[in-house]
Amino acid sequence: QVRLVESGGGLAQAGDSLRLSCAASGLTFEAYAMGWFRQVPGREREFVASISANGRTTNYADSVKGRFTISKDSAANTVYLQMNALKPEETAVYYCAAKRVYTNPSARSTTHSRGTLYDYWGQGTQVTVSS
């Protein structure tokens, strides 16, 4: 059974930093590209960042470039999202997602920003940023 469990959310003030973690189990971690998305009630889910299965390629939403960093630790089956200089408008539930990729080198180096491509999702962790 595949499980993705996010942690690290909470309350922060504008300009603060938080690091989210997503612990994966029940899957071969190296065979999955990973992504972070966020959603505010009443609004569509929004892509935040993704990392390729081999960890060599990353991709970010324009709104977070230069402030957020996605990384993965294959030994710990965990993907992280370091969020710096947080803004109040980034208050949302943050979700971790996993997408199975083919084993060829090109696929393992590809990131994915479309949520519909992902196979598994975590339950989400709330991030609240006050002004």
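Note that the structure is a prediction, hence the values are computed from the model and not measured. Both backbone and side-chain heavy atoms feed into the values below; hydrogens, waters and symmetry mates do not.
The distance from atom CZ of Arg56 to atom CZ of Arg108, rounded to the nearest 0.5 Å, is 7.5 Å. One finds the CE atom of Met83 at 5.5 Å from the CZ atom of Phe68 (value rounded to the nearest 0.5 Å). Taken from OG in Ser25 to CD in Gln1, the straight-line distance is 8.0 Å, to the nearest 0.5 Å. In this structure, CZ in Arg3 is found 11.0 Å from SG in Cys22, a value given to the nearest 0.5 Å. Rounded to the nearest 0.5 angstrom, Thr128 OG1 and Gln13 CD are separated by 12.5 Å.
Taking the ring centre of Tyr94 as origin, the terminal cationic atom of Arg38 falls outside the region bounded by 6.0 Å and 45° from the ring axis. Taking the ring axis of Tyr32 as reference, the NZ or CZ atom of Lys99 does not stay both within 45° of it and closer than 6.0 Å to the ring centre.
Closest heavy-atom contact between Glu46 and Ser63: OE2-OG, 4.2 Å. Between Ala85 and Glu90 the shortest heavy-atom distance is O-OE1, 4.4 Å. Nearest approach of Asp62 to Lys65, heavy atoms of both residues: OD1-NZ, 3.1 Å. The shortest heavy-atom contact between Leu4 and Leu27 is CD2-CD2, 4.4 Å. Minimum heavy-atom separation, Asn54 to Ser109: ND2-OG, 2.8 Å. Among all heavy-atom pairs drawn from Gln39 and Arg45, the shortest one is NE2-N, 3.6 Å.
Between Thr78 and Asp73, the side chains place no donor N or O within less than 3.5 Å of an acceptor N or O (distance only, hydrogens not considered).
Inter-residue side-chain proximity for Phe29 and Lys72 is flagged as met; some heavy-atom pair is nearer than 4.5 Å. The shortest distance between side-chain heavy atoms of Ile51 and Trp36 does not fall below 4.5 Å. Two residues are said to be in side-chain contact when any heavy atoms from C-beta on lie closer than 4.5 Å; Val79 and Cys96 meet this criterion. Two residues are said to be in side-chain contact when any heavy atoms from C-beta on lie closer than 4.5 Å; Ser113 and Asn59 meet this criterion. Leu20 has its side chain out of reach of Tyr80: every pair of non-hydrogen atoms, C-beta onward, lies at least 4.5 Å apart. When side chains are defined from C-beta on, Val129 counts as touching Val127, because their heavy atoms get closer than 4.5 Å.
In this structure a side-chain-to-backbone donor-acceptor pair under 3.5 Å is missing from Ser52 to Thr110.
No continuous path of hydrophobic side-chain contacts links Ile70 to Val101 [ILVMFWY only; heavy atoms under 4.5 Å]. Cluster annotation: Phe47 is not connected to Leu81 through the hydrophobic network of ILVMFWY side chains, with a link wherever side-chain heavy atoms come within less than 4.5 Å. The hydrophobic cluster containing Leu18 does not contain Val93, counting ILVMFWY residues as joined when their side-chain heavy atoms lie under 4.5 angstrom apart, directly or transitively.
In this structure, the ring of Tyr95 has its center no less than 6.0 angstrom from the ring center of Phe37.
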Quick one, Gln126 with Thr91, criterion side-chain contact (heavy atoms from CB on, under 4.5 Å). Give me CA distance, side-chain angles, the key distance, then yes/no. CA-CA 8 Å; Gln126 176 72 46; Thr91 294; 3.9 Å; yes
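Aromatic ring pairs are classed by plane angle as parallel below 30°, tilted from 30° to 60° and perpendicular above 60°; the pair Tyr118 and His112 is perpendicular.
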